[in-house]
Amino acid sequence: MREPRWDDDRLSEAFRARFLVSAPDDVAPAILKALDAPRRRPLVLAPRRWIGAAAVVAALVLGSLQLLAGGERAPDTTPAPSHTALATDGPDVAFGLPVLSVEEAVRRRDTALDDTVLAVSGYVGPVGGPPVSCQPSAGLTSPVQPRCPDQFEWLMQDPEQLVTRSGDSWTGRQPSGPALNPIVRSPTAWALGREAGLDPLPPARVLVLGHFDDHRAMACPAAERGTCRRQFVVDRLVSSEGAAVTPEPVLDIEDRQVVTDEAVIRVLAESAGRGGRALAVGAIVGTRIGEVEPAAQTESLSRAHVVWIVKRLETWSGRPTTATILIPDGTGEAFLAGADGITALRPAISPEPIASPAFPAEILGLPVISVAEAIGRRETILDDTEIAVRGYFTAPNVGVELPCPATPADISAVQSRCPDPVTWMTDELERLWTRTDAGWESRPPSGPALNPLVRFDVPFEVPNLWNDTGPNPMPAVVLGHFGDRRAAACPEPSVEGCRRAFVVDALVWAAGRSTPLAPVVRTAEATESDDAVERRFRKVTGLVVEPIWLTVVKGSNVREIEPWAAEQAPELTRAGAVWLVRVLVRLDGDRPVVRTGYTIDGGGTLWIGVDAVVAPWGRRL
Amino acid sequence: MDRARLGDLDAFESIVRSRTDAVYRLSLAITGDEADARDAAQESFVAAWRELPGLRDADRFDAWLQRIVVNRCRMVIRARSRRRVREIPASLLPAPRADVAAASDADRLGAALSRLAPDHRAILALHHLEGRTIDELSASLGIPAGTVKSRLFTARRALDRALGTEAEE
């Protein structure tokens, strides 16, 4: 009997029958528990979040607390400090800058007001106490205009307890010694790492980088410009309670996804224009860029779905200053923000290595080795052991005229082809492309380098950072091997070259973070999910191995991936879609290797390649 | 809602309680896995709490939350390939051939969905489970209505193929 058609009504009914369920009883409590952590954040942090949201605030205001407000302490009302000792037991230099006391910073402001970056040691308070209440800040034209609750937070010379509690009431006062109201705006993160509640705690000992005379003061109303110029704008919280602080990126991007990783943004920002060191990184929706940089509301930035903001420490006219670099996500373009607008920057073309990213020491149980170590291994033990290699990945962009001949037909997957000769993994950051009157030119690396063979059937998704100044090398870790068994099928003169080729199996880390071994889909013909294929693989083989990663290609692609598979299992080439199942296994004791299986989409047989044989799983080879 | 946007966690908790079931069932329909659905639901609410101040239009909260849920489910599914131990609910294993005729539409749908790409599962669940219209899907997924129609058509075709395969196995 013919089955009734799956029309919309039947489908919707099936959906409801299958999924219209209540959440298990423990789901909501688990969610609420997870939410409880942010609730316990230090109260000194809370106002920062409210500022970021341009929000009105909650909670109560105690009259006594208003005593805290009142703006920065003017020097003429600041009592002479008893000492100018630093509030830190740490080094007296931070980021190459001498560490000043708060009193020295105030004196600097009052005698030589400029935007020199200062390293300042002091105490931040109050920590804890009742939440501060603010009214909406209306009519602000510049991010450095003081606004509630800036005036309630102090960077002080001495650890003064500004709030005290007696039962259900609190008493507040202003600092008696030298003090500033620190202005903290995106992209600077402000995490003092103190758990605080309604009971006031002692002030937090901090070391910060910051500056007066921020260029955004020019966006303040004329009558307030002098006040804006005197604000101490924090560029980075260096340490809190003696512990170094590694700032998290400040992301204000609603529910949008970013294309470019933060680590890549750092590299790009540090290499653009004059160069320098990234102090803070954040991102904001393009239409809101004016909230961070009033003069940057250009069409190109406003229409970007997300704009990265990097505060960079650099040297300008012999002084340490901060530059704000704006990078539309996913473009590789870089702009310098200033009081008058933005200036397009071009990343520096320099062979000098930039600060090395923190490559992982181990991935998927494999030690991560350098390119030089990988080459050394190839020269001593040329086998197909799987290795994880770190370095900078550089590849030519689509559309660039390649300095290598077109790929001949029927070439083995492990034979070098264009653009392999101009695709590099290097130990050092080297910029290999320059634009000339004749077009783009590339040069070979000067340090240890490999030409990785990255084929279309492996997971390898890197942000495309090519722009009109060339590609930005990507810090990366790739899984791969020499001695690929398919080398034996290369034409005789090329067999040794094929064996020595570094064949990539997956990109596993890029620009600061691990990349998922996500399924690679190269055909729309597939009907099975990767989960179903993986289950089938495990069921057929009985193997309990990790990791497994999958690729689905057209059957007609199988020949170029593995000629032996096409010859010995021709049904693979006739299939609409074929799945490649790669697994990392241990052989010969503990030698890691990657093995590849093939299975037709929706089929049941799994073929495995061993040496020159491709045969169904379970058949004696 | 306004209180929650201003940082009142108690107000947000009441939002969580009123929407836990809806978020969980959408997560379950997309991930097809109870443990993954729990993770996705929890991560979605945590992300929503964190990003709530950036939500400009409180009236669009539910569409906005659904978009977060879909994204979180995608991430959970992608993370699966790195997981050492996977729990596979028995309900998602292919039904034995003899049971096909007797299998309920719900079971067949569950098994067929497991063959689809996450984006297909998401758009089908939003449309057929949550009853979202084309315009609402456009808002939830942040894509033009024409693209919604195209994706829905493609997803439906893939599901039909999977249901066909399911019945033939």
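Residue numbers start from 1 in every chain, and the chains themselves are labelled A, B, ... in the order their sequence lines are given, proteins ahead of strands.
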* **Residue pair A/Arg535, B/Ser114: steps toward the side-chain contact (heavy atoms from CB on, under 4.5 Å) verdict** => CA-CA 11 Å; A/Arg535 278 201 302 274; B/Ser114 73; 3.8 Å; yes

At a 4.5 Å cut-off on heavy atoms, which part of [X] comes close to chain A: side chain, backbone, both, or neither?
{"X": "B/Arg25", "result": "both"}
{"X": "B/Ala29", "result": "both"}
{"X": "B/Ala125", "result": "both"}

Quick one, [X] and [Y] - any side-chain contact, counting heavy atoms below 4.5 Å?
{"X": "A/Glu13", "Y": "B/Asp105", "value": "no"}
{"X": "B/Leu116", "Y": "A/Ser529", "value": "no"}
{"X": "A/Arg18", "Y": "B/Ser104", "value": "no"}
{"X": "B/Phe12", "Y": "A/Leu32", "value": "no"}
{"X": "A/Trp6", "Y": "B/Arg108", "value": "yes"}
{"X": "A/Leu11", "Y": "B/Leu159", "value": "yes"}
{"X": "A/Phe15", "Y": "B/Leu124", "value": "yes"}

* Greatest number of heavy atom pairs closer than 4.5 Å to chain A - which of B/Leu28, B/Leu109, B/Val16 -> B/Leu109

* side-chain contact (heavy atoms from CB on, under 4.5 Å) involving A/Val27 - partner list, sequence neighbours excluded -> A/Ala23, A/Pro24, A/Ile31, B/Thr20, B/Tyr24, B/Arg38

* **Residues that B/Ser14 engages under side-chain contact (heavy atoms from CB on, under 4.5 Å), provided they are two or more places apart** => none

* **Within 6.0 Å of CG in A/Asp7, more than 12 heavy atoms from elsewhere** => yes

